[in-house]
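I have placed the structure first, in the form of structure tokens, so that the comments after it can refer back to it.
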4 protein chains.
Amino acid sequence: MSEHSWIQELLQIGGKDGKFSEKQLKILEAAVEMFAEKGYAATSTSEIAKKAGVAEGTIFRHYKTKKDLLLAIVTPTLFQSVAPFLAKEFVREVFDNEYETYEQFLRAVLANRYAFVKTYLPAIRVLWQELAFHSEIKQCFQRVFVEHVYPKFARIVRHFQEKGELAELPVDSVIRLTITSLAGFLAARFLLLPDHNWDDEAEMERTIRVLMNGLRR
Amino acid sequence: MSEHSWIQELLQIGGKDGKFSEKQLKILEAAVEMFAEKGYAATSTSEIAKKAGVAEGTIFRHYKTKKDLLLAIVTPTLFQSVAPFLAKEFVREVFDNEYETYEQFLRAVLANRYAFVKTYLPAIRVLWQELAFHSEIKQCFQRVFVEHVYPKFARIVRHFQEKGELAELPVDSVIRLTITSLAGFLAARFLLLPDHNWDDEAEMERTIRVLMNGLRR
Amino acid sequence: MSEHSWIQELLQIGGKDGKFSEKQLKILEAAVEMFAEKGYAATSTSEIAKKAGVAEGTIFRHYKTKKDLLLAIVTPTLFQSVAPFLAKEFVREVFDNEYETYEQFLRAVLANRYAFVKTYLPAIRVLWQELAFHSEIKQCFQRVFVEHVYPKFARIVRHFQEKGELAELPVDSVIRLTITSLAGFLAARFLLLPDHNWDDEAEMERTIRVLMNGLRR
Amino acid sequence: MSEHSWIQELLQIGGKDGKFSEKQLKILEAAVEMFAEKGYAATSTSEIAKKAGVAEGTIFRHYKTKKDLLLAIVTPTLFQSVAPFLAKEFVREVFDNEYETYEQFLRAVLANRYAFVKTYLPAIRVLWQELAFHSEIKQCFQRVFVEHVYPKFARIVRHFQEKGELAELPVDSVIRLTITSLAGFLAARFLLLPDHNWDDEAEMERTIRVLMNGLRR
DNA sequence: GATGAATGAGCTTTCATTCAT
DNA sequence: GATGAATGAAAGCTCATTCAT
């Protein structure tokens, strides 16, 4: 019946299946699209209601304020954005030699995040834009990064430095350079020049190769 | 008398000295700060007027609409952002062996753009945020890039590929990787983690080094 | 419950009964009165709202712009102003000897329009004033006149010229003189000197008599 | 030097020659035209200033308020509108047999007022429109009518009733019917259907003829 | 649970008017 | 006398939110 499966998937980080009614999904879908296109502040709830095909009041039955609606979109997106690092089995996979090299690890991460961004682009746009203006979101982002992403990432980097693959640069710098490289590709690919004629496979390959040449001992 | 020299400098891409009155500069300064902090759409003209210490009507005497005020800030910022590539002597400097290596060239560009971003951060924030929502700005940006930045950048890259310094990667990819690396550093440094304890000299050095290791033959 | 029957009647040229809510009628009534008193341009929507006892936003829920509110009043008034000539049975009545003479016909028309103006005076004032400034209204008026009023009026005049009652003046002049005489009386009576001590019956009788003496063979 | 002679003539009801400066005339001319086209309330002083080619402040140097500017146009126009009846020699001319019949008298008045309206149409439009909204103008108009126009007109009507030319209708009705007929022609000719293909001579002749047929004993 | 009319605060913009130059 | 930058009140209109149905 529902056509909104992508929204539903994005929002269901846990197993809360069936939580969203048909109308609710329409509202969320309409909101993501309009927020991505015009920005949160420049989108009116009446526009969202019209696009979603519901009455204005219906929005406020589900979300007490317009901002709640934004957070309902942005918070799950934020968590999904760093999902691999939240997964319990993730670090174990690295250390259990599922990835023998940092390069293999990068390749896996990039492929995974590429697919994620491609699927959920509008929601990511919204997150990215509004991050700058809403301190709750920014703080949430920083907390997640500091508590979950950074420690695991650092262990992985140190692991491959000890294995001799990576040069003895400061761990923070390696992380920063890595994220910048991968995110830089995704930003260029999907945000800045989405209409450019990209050879995705090749460009990802080059991105990894150049980065690894730079980072290797 | 005036304290707004930084705005004045930013906006005077040509030699239009003395063009801005005291009140106009106060308006522009207040607008940049508020737009950077809360976003264009979420900032009201009455807030700007109050912060600038002028009557609301005064804003509209100088800028017919709120959007005109935005463009008065964003357009010069956009041009200044790519200013080195607009300068006539720029390419000549490269080919006249002012820069013997791509690495030297990168170092000069990064130092220059680092200073620029540091000085004009709020205006750059505004440009960066609103680029996504206003097609006129986006188109202007793309035109400037395609007509001025890209061709010169490509010549430089080819020059150093022919000299044997750079690997024979596609020119577009070299440009993309270069911009991503430098802009990625600046974004991390000034936008994402401005409060982190950065050792700017060292991190810029590492950024250049890793990138060059990646790009070298 | 409702006290606004006159507005409701005026606006319901067709059989759209029950179309207007209580608040909508209050808005229309307040608007007609204020437009008549101060003119459209000099009346603010906040004044209308206050007089109507509704919030200002409520006006704009029903009428997208202030001008739409004007047109909602003026357009029906315009049609009602020439209503007799729009009625399908009207011409037949004349030719079926319901009126044996032009004089009888004039008497009927004048009595009818006298009652109309007396009842809907404020709305007619508004129509009359704004006709001069809004080309849409003027064009609508001209179209209705040329397509509906003039042809029927001309047939009637020719009919009584052929019967020998009216002199062989140009039809256009007869129509012009007739309308000028009747409308002139109504304008003097209700617009220019409403406070004068009028003997309406006698003055209407004189108006008809003098006009007919002038037009008769 | 000046091109504004018509305005100057209209405004100089007395012999105040040379009273208006070049700029003042430009302001008045621009104001009349815009008030006639859009109405007093819908015309801004800045529009007038732009059209007149002067600074906004200059208007307020000559006329303390926008309303003063309106009155500076409307008051002279009002007096000129009934000018014949204000002229001292006017009644004497009638009784000294300069006009042997009411019909001759009407013909003279109509020709004179026709020329006046044709020359000063925009100012008359303004007077006519604003009369309805400004009680000072209305009162001024009524005072002039009651004190100057009506008594003289009444004497003339009685004169020709005594001479046996006019029927023994109430004097007020004769005056009303006369004014209505002449003003009705001028209104139709210049305000309602200025673009119609008028044969002015013939229509004026018919107007007089029909009216006289109606009023004659 | 869903609706949409109603609200009133707040938005961008315009305006008549002032005043230092 | 003329200017036009500056004003701030008020204009038309939009908006997030409420609530009776």
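A quick note: this is a predicted structure, and the numbers were derived from the prediction, not measured. Throughout, protein chains are lettered first and strands after them, A, B, ... in sequence-line order, and every chain is numbered starting at 1.
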Heavy atoms from C-beta onward define the side chain here; which of [options] lies closest to that of [X]?
{"X": "C:Thr65", "options": "F:dA11, F:dC13, E:dT17", "answer": "F:dC13"}
{"X": "A:Val54", "options": "E:dT3, F:dG12, E:dT17", "answer": "E:dT3"}
{"X": "A:Ala55", "options": "E:dG4, F:dT17, F:dG8", "answer": "E:dG4"}

Should [X] be listed as having a side-chain N or O under 4.0 Å from OP1 or OP2 of [N]?
{"X": "D:His62", "N": "F:dG1", "answer": "no"}
{"X": "C:Lys64", "N": "F:dG12", "answer": "no"}
{"X": "B:Lys23", "N": "F:dT7", "answer": "yes"}
{"X": "C:Ser44", "N": "F:dA10", "answer": "no"}
{"X": "C:Arg61", "N": "E:dA5", "answer": "yes"}
{"X": "D:Thr45", "N": "E:dC15", "answer": "no"}

### Message
For B:Lys23 and B:His62, which I'm curious about, is there any donor-acceptor pair between the side chains at under 3.5 Å?
### Response
no
#### Entry: Exercise: do B:Thr45 and B:Glu56 side chains pair donor with acceptor under 3.5 Å
yes
More than 12 foreign heavy atoms under 6.0 Å from [atom1] of [X]: is that the case here?
{"X": "B:Lys64", "atom1": "NZ", "result": "no"}
{"X": "A:Tyr63", "atom1": "OH", "result": "yes"}
{"X": "B:Tyr120", "atom1": "OH", "result": "yes"}

Taking atom [atom2] of [N] as reference, at what distance in whole Å does atom [atom1] of [X] sit?
{"X": "B:Asp68", "N": "E:dT13", "atom1": "CG", "atom2": "C1'", "answer": "12 Å"}
{"X": "D:Ile48", "N": "F:dA2", "atom1": "CD1", "atom2": "C1'", "answer": "18 Å"}
{"X": "A:Met34", "N": "F:dA16", "atom1": "CE", "atom2": "P", "answer": "12 Å"}
{"X": "B:Phe60", "N": "E:dT13", "atom1": "CZ", "atom2": "C1'", "answer": "5 Å"}
{"X": "C:Glu56", "N": "E:dC11", "atom1": "CD", "atom2": "P", "answer": "15 Å"}
{"X": "C:Lys50", "N": "E:dA9", "atom1": "NZ", "atom2": "P", "answer": "13 Å"}
{"X": "A:Ile27", "N": "E:dA2", "atom1": "CD1", "atom2": "C1'", "answer": "10 Å"}
{"X": "B:Gln24", "N": "F:dA6", "atom1": "CD", "atom2": "C1'", "answer": "13 Å"}

### Task
Calculate, to the nearest 0.5 Å, the distance between atoms OG1 and CG belonging to C:Thr75 and C:Asp68 respectively.
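Rounded to the nearest 0.5 Å, the OG1-CG separation comes to 9.5 Å.
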### Nucleotide pairing, DNA chain E (Watson-Crick or G-U, distances under 3.5 Å), in dot-bracket with [ ] and |
.||||||||||||||||||||
### Sole candidate of D:Leu11, D:Ile7, D:Ile27 that passes side-chain contact (heavy atoms from CB on, under 4.5 Å) when paired with D:Phe20
D:Leu11
### Task
For residues D:Cys140 and D:Leu78, report the shortest heavy-atom separation together with the two atoms involved.
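The pair with the smallest heavy-atom distance is SG-CD1, 4.1 Å.
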### 5′-ward residue of the pair D:Thr43/B:Ala41 relative to DNA chain E
B:Ala41
### Task
Using the closest heavy atom to pick a nucleotide of DNA chain F for each, name whichever of C:Glu47 or B:Ile59 lands nearer the 5' end.
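Here B:Ile59 is the residue nearer the 5' end.
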### Query
With nearest nucleotides of DNA chain F determined for A:Lys67 and B:Gly57 from heavy-atom distances, which residue corresponds to the more 5′ nucleotide?
B:Gly57
